[in-house]
Amino acid sequence: MARVVIDPITRIEGHLKIEVEVQNGKVTNAWSSSTLFRGIEIMLQGRDPRDAYLFSQRACGVCTYIHGLASIRSLDNALGAKVADNGRIIRTLLHGSQYLHDHVVHFYHLHALDWVDIVSALKADPKKTAELATKVSPNSPGAGINDFKAVQARVKKFVDSGQLGPFANGYWGHPAYKLPPEANLMAVAHYLTALRQQARTARLMAIFGGKNPHIQSMTYGGVTCAMDLTPDRIAEFKYLWKETMDFVDNVYIPDVLAVASFYKDWGKIGGTKNFLAYGDFPMGPKEPDSYLMPRGAIFNRNFMKVEPVDITLITEQIKHSWYEGDPKGLNPANGETKPKFDKYDTDGRYSWMKAPRYKNEPMEVGPLARVLVAYGKGVPPVKENVDAVLKKLAIPPEALFSTLGRVAARAVETKVIGDAMGTLMGQLIDNIKKGDLNVCDDRPWDQMPSEGMGAGLNDVPRGALGHWIDIKEKKIVNYQMVVPSTWNIGPRDASDKMGPLEEALIGTPVVDPKKPVEILRTVHSFDPCIACGVHVIDTESNEVYKFEVV
Amino acid sequence: MKYCTVLTATMGLSSAYVGKVAAALASAPRPPVIWLALAECTGCAESTLRTMYPWIDELILDIISLDYHETIMAPSGEAAEKSLHDSVTKNAGKFILVVDGAVPTGDNGNFGTVAGKTMLELVKEIGPKAMATVCIGTCASYGGLPAAAPNPTQAKSVAEVTGLKTVNIPGCPPNPINFVGTIVNFLLFGKLPALDDKGRPLFAYGQLIHDQCPRRGHFEAGEFVTNFNSEEARKGFCLYQMGCKGPETYNNCPIVKWNDGTSWPVQAGHPCIGCSEPNFWDKFTPFFKSS
């Protein structure tokens, strides 16, 4: 039996260490440890509630914006802000833009090198690569023989320089890489194309957000970008959205399907059992009823039975985390939670993350959870797209409960959410036509209530995200975040039950413990985003669970 | 060549330098760069990915040799550590160290570790071996968000814990053109750009936002926004009375703007929060003026 420690896990946001036991070429035990603590919630206590979105957005710069959105929604909820319809639309368009950016960057720049062997691309025949690219996607841009020749020459020049930079010491030549040289060259070409596309796509967010990363245009009841409700700005947005959707339709989704077709065995590896989605993307004023991606919970993979969600049944457990307090987290009023590092001990405490549980069960959140909930509820565009993927890959629905399923679900929802942005733009134009230029709540701050408690439940690229705020005398007295990667990447709980990532790693094949590329595949399929997962909850706040769900 | 022109202009150089910038960017071997991520949110790395002049693929394939950067590098764990140590050893005294994130110093640095080492140990070990240390973002430059009161992890700037004189590219995150401009300045002249007393390159941080703001005329005319949902807001009046920190903040946002000139916070109707100034999370909060 070998213990393998991977620290740092790269190509993620934040700082993560994975330790596994390998027996007979398979993972038999796993521990996920988050290794950075910053304490944003502690900082927020006593501050102006309007500042919270700017602070909490800095929880993560990869999934930028989304903590700002969660925060401002919790403030709206706490103070009863009237959300302007244009505010709702622009916030949702910003959210969609983040998905379009984030999921594409995840696939190409954080995940692809687990499946794609760059060095093998040097052996590819550019002519055959062009044929493959055209077969995979008839409308693929840059798919000529000369295009692939140029990419290959560029890679060769780079490799010949002897300075391999970020690609040095990769697991090139590892037997787990299954793509033929031509598919590798095509993927490398698209890795480079996507590097430029993501910078263009990020402009979407800057139009109504002022900049990206870390937008700066939120206020209670909506947004501040009153000057941007103009035909030229909307046209600019529409153009960049269309450009991005062309990339999604003609490059990203075909690439996911092409790569997946060589890795179908990963449809049986890396699965979990339970799934939770808060739901998101309000397509109308009524929330959560108008959500494009609905709310729901699934147990034991029974996705035809989607249960409603009761957030009072969430607990955060700390038996294996570097915090003081009740290990079960069931009754947080009994003590004060404090960060307390002693040592890294896989039998004891080993992470700065807590272990959130719903009905005492670990729940996977994120693209797969959202897509399964929507699929189970029969949301038409999700059903169509999922069925198309299953048909194309000739795999059964059960294959969704896997590393491969997670990657496919991410692509499916990128398409569904991206398409819905077209509808949202139409709504914005209709409002402006009617003369509705409102962007936020009219009331000045001194006329807003000075007390309130509120929750903002969101479903963001990495999964279910909740922010809770408690305001007294116009100051924050308590602030909490329960974030996606804590659900997915958190450690064992009070009853020693593994977190979803830990569970998913069990059974993963490991050919060479010194080159654990297979482990990275499952870890990266969750798109871990660690910085936001590490935070402290003020334990006097069990009242948090009495908040009314928006 | 287009990106060289944009960069040259941002750096405040005459157009005669455009050719030299292009030549400097094609030098071989490519200068080694090691990027350490400490107590950070990865926003600074994401911002760097948004560079368009040059594009990020040109930066990492053709201009520099980015030997260690956790967010994009292929290897993990031991193999990643090998990349770090190989480059530090081979290029001792010759690599540029880029740091994002503050250094947690509380509890002996245990609030942040990479490969079993505290971030405090890591930056103290590697910092002195670099030819120059560039802090990208306000956290590495001045402590930033993790150091906001009550500074739960006793986070400090890189300069504070290492005693090194760092080049600071603050901002939350900074505009990538200011970071790339600094690197190019180095490749072009063999030295770092002229800095202000806070370690910031003057080409980017030499002037107040307020003095470059397109809304300045409204300030002079006494035309202010007092409600975000108003005719004044739609007309783009001055945001000073909403709490704008432009009069106290040095940065070039109004001139270069963000994301290929798409916008910047004041254009999006939001007060500047002064994110390139030391201690802005405490000094400038509450960000909004009550009314």
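Since this is a predicted model, take the numbers as computed values, not measurements.
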Under a 4.5 Å cut-off applied to non-hydrogen side-chain atoms, are A:Thr224 and B:Leu239 in contact? no
Given heavy-atom pairs under 4.5 angstrom as the criterion, report whether the side chain, backbone, both or neither of A:Leu520 touches chain B. side chain
Using the six-membered ring wherever Trp is involved, compare the ring planes of A:Phe55 and B:Trp281 and label them parallel, tilted or perpendicular (cut-offs 30° and 60°). tilted
Got A:Gln198 and B:Arg50 here, is their nearest side-chain heavy-atom distance under 4.5 Å? yes
Quick one: what part of A:His101 sits under 4.5 Å from any heavy atom of chain B, side chain, backbone, both or neither? side chain
B:Thr285 vs A:Asp48 side-chain heavy atoms within contact, under 4.5 Å: no
Does B:Trp258 reach the side chain of A:Asn212, with side-chain heavy atoms less than 4.5 Å apart? no
Side chain, backbone, both or neither of A:Ile215 within contact of chain B (heavy atoms, under 4.5 Å): neither
Would a 4.5 Å heavy-atom cut-off, applied to side chains only, mark B:Pro173 and A:Lys211 as touching? yes
Student check: side-chain heavy atoms of B:Arg234 and A:Leu437 closer than 4.5 Å: yes
Under 4.5 Å to a heavy atom of chain B? For A:Met218 that would be backbone
Under 4.5 Å from any heavy atom of chain B - which part of A:Arg47: side chain
Pick one of side chain, backbone, both or neither for B:Asn151, based on which atoms fall under 4.5 Å of a heavy atom in chain A. neither
Is A:Ser161 close to chain B through its backbone or its side chain, or both, or neither, when contacts mean heavy atoms under 4.5 Å? side chain
Using heavy-atom distances under 4.5 Å, tell me whether A:Asn438 contacts chain B through its side chain, its backbone, both, or neither. both
Between A:Gln163 (side chain) and B:Pro29 (backbone), is there a donor-acceptor pair under 3.5 Å? no
With a 4.5 angstrom heavy-atom cut-off, could you sort out which part of A:Phe167 is near chain B: side chain, backbone, both or neither? both
Between A:Gln57 and chain B, which part of the residue has a heavy atom less than 4.5 Å away: side chain, backbone, both or neither? neither
Residues which pass salt bridge (Lys or Arg N to Asp or Glu O under 4.0 Å) with A:Arg521, listed by chain and number, not counting sequence neighbours: none
Verify salt bridge (Lys or Arg N to Asp or Glu O under 4.0 Å) between B:Lys117 and A:Asp7, making sure each step is shown before the conclusion. CA-CA 10 Å; B:Lys117 273 188 192 156; A:Asp7 178 13; over 6 Å; no
Verify the neighbour count for atom CD of B:Glu78: are there more than 12 heavy atoms of other residues, nucleotides or ligands below 6.0 Å? no
Quick one: what part of B:Leu38 sits under 4.5 Å from any heavy atom of chain A, side chain, backbone, both or neither? backbone
Which region of A:Arg154, side chain (C-beta onward) or backbone (N, CA, C, O), has a non-hydrogen atom less than 4.5 Å from a non-hydrogen atom of chain B, or is it both or neither? side chain
Taken to the nearest 0.5 Å, the spacing of B:Thr51 OG1 from A:Arg196 CZ works out to 10.5 Å
Just verifying a value: how many Å separate B:Ser76 OG and A:Ile6 CD1, rounded to the nearest 0.5 Å? 6.5 Å
Greatest number of non-hydrogen atom pairs under 4.5 angstrom with chain B, of A:Arg443, A:Met227, A:Arg200, A:Met205, falls to A:Met227
Side chains of B:Phe228 and A:Ser217 in contact at under 4.5 Å (non-hydrogen atoms): no
Has the side chain of A:Arg11 got a donor or acceptor atom that lies under 3.5 Å from a matching backbone atom of B:Glu70? no
How many angstroms lie between CZ in B:Phe284 and CG in A:Asp51, if you round to the nearest 0.5 Å? 13.0 Å
Can you tell which of A:Val105, A:Thr219, A:Thr64, A:Leu192 has the highest number of heavy-atom pairs within less than 4.5 Å of chain B? A:Thr219
Do A:Thr10 and B:Ile72 come close enough that some side-chain heavy atom pair is under 4.5 Å? no
Engaged part of A:Leu195 at the chain B interface, taking heavy atoms whose separation is under 4.5 Å: both
The interface call for A:Tyr344 against chain B, heavy-atom contacts under 4.5 Å, is neither
Checking heavy atoms, do the side chain of A:Leu113, its backbone, both or neither come under 4.5 Å from chain B? side chain
